[in-house]
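As structure tokens, the structure follows; a few thoughts come after it.
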Amino acid sequence: MTKAVDFYARSVHDVARDLIGCVIRHGETAGRIVETESYHMEEPACHAYVGLTPRTRTLFGPPGRAYVYFSYGIHSLLNVVCEDEGVGAAVLIRALEPMDGIDLMRARRGVERPQELCSGPGKLTQALGIGLADNDSSLLDGPIEVLPRTREPRIAVGERVGISKAVELPWRFCDASSPHVSRPWPAQMRAAA
DNA sequence: CATGGGATTGACT
DNA sequence: GTCAATCCCATGC
């Protein structure tokens with residue numbers, strides 16, 4: 001059963017934590033969420049920080065929809081819109097553990113190892129075939145489905161990755177026991193620079 | 001209309 | 001660890 005809108009109409013941080021362990025399905029492909037980050041309009045790393053623009057229209061829209069945007073000219077990144085309409089907040093899906101359609105994922109990604117299929121926000125959209133066409137689509141009855149978790153994961157919390165502003169906020173959530181995260185955990189705390 | 005930066009990835013030193 | 005690819009979009013003239 002797909003989640004109800006009430007699940008998304010809450011604090012974006014609570015949703016980010018509760019999405020760990022849930023399953024994302026798109027067509028033949030599906031994976032278990034093992035890594036998320038939360039973003040909110042009140043902090044500068046969030047796209048909604050600049051206010052309502054054509055790009056951020058989806059972020060300010062009703063909860064329970066997909067916000068997909070194009071980054072670095074190459075990658076589509078998948079977010080889940082949260083909180084009330086008029087509030088710009090979303091959860092970035094950063095990594096999945098592949099479950100269904102793994103051969104199709106391999107064909108789309110051009111790699112074989114399961115750990116390399118969905119271990120990054122740009123990788124998982126490629127593996128699942130999600131693109132800009134899915135922006136603003138409903139997660140309740142649209143092409144992308146979110147299914148409840150089947151067991152309680154052990155969750156680790158840390159600082160977000162790959163941003164230059166508000167880097168100190170502990171808004172990254174991971175399945176602490178999964179080998180499918182986008183970067184080593186918790187060794188990620190060590191500065192890469 | 002021109003410009004600059006970015007919630008990344010993968011190839012290379 | 002360093003760096004380029006590549007394009008959407010926000011901003012400024």
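Residue numbers start from 1 in every chain, and the chains themselves are labelled A, B, ... in the order their sequence lines are given, proteins ahead of strands. Values in this document were obtained by computation on a predicted structure and should not be read as measured data.
- If you measure from atom OH of A:Y69 to atom P of B:dG5, you get 17 Å, rounded to the nearest angstrom.
- A salt bridge links A:R106 to A:D103: at least one charged side-chain nitrogen sits closer than 4.0 Å to a carboxylate oxygen.
- The phosphate of B:dA7 (OP1 or OP2) has no side-chain N or O of A:R172 nearer than 4.0 angstrom.
- Set against B:dT9, C:dT6, B:dA7, the side chain of A:P121 has B:dT9 as its closest nucleotide.
- Counting non-hydrogen atoms under 4.0 angstrom, A:S164 reaches the backbone sugars and phosphates but no base.
- Ion pairing of A:E35 with A:R172 is present here, as a side-chain N (NZ or NE/NH1/NH2) and a carboxylate O approach within less than 4.0 Å.
- Here the side chain of A:R25 pairs no donor or acceptor atom with the backbone of A:L147 at under 3.5 angstrom.
- Two residues, A:G73 and A:G120, neighbour DNA chain B, and the one matched to the more 5' nucleotide by heavy-atom proximity is A:G73.
- The shortest distance between the side-chain N/O atoms of A:K123 and the OP1/OP2 oxygens of B:dG10 is below 4.0 Å.
- As judged by a 4.0 angstrom heavy-atom cut-off over every strand, A:R109 is placed among residues touching the sugar-phosphate backbone only.
- The same ILVMFWY cluster, assembled from side-chain heavy atoms under 4.5 Å apart, contains both A:V91 and A:I155.
- Inspection of the A:S138 and A:D141 side chains reveals an N or O donor paired with an N or O acceptor under 3.5 Å.
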Return the polar atom pairs (N/O with N/O) between nucleotides 8-11 of chain C and the protein under 3.5 Å, or none.
{"residue": "C:dA10", "atom": "OP1", "partner": "A:T53", "partner atom": "OG1", "Å": "2.5"}
{"residue": "C:dA10", "atom": "OP1", "partner": "A:R55", "partner atom": "N", "Å": "3.0"}

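- Looking at heavy-atom distances under 4.0 Å, A:I163 makes contact with sugar-phosphate atoms alone, never a base.
- No side-chain donor-acceptor contact under 3.5 Å links A:Q126 and A:R108.
- Under the Watson-Crick or G-U wobble criterion, with both distances below 3.5 Å, C:dT11 is paired with B:dA2.
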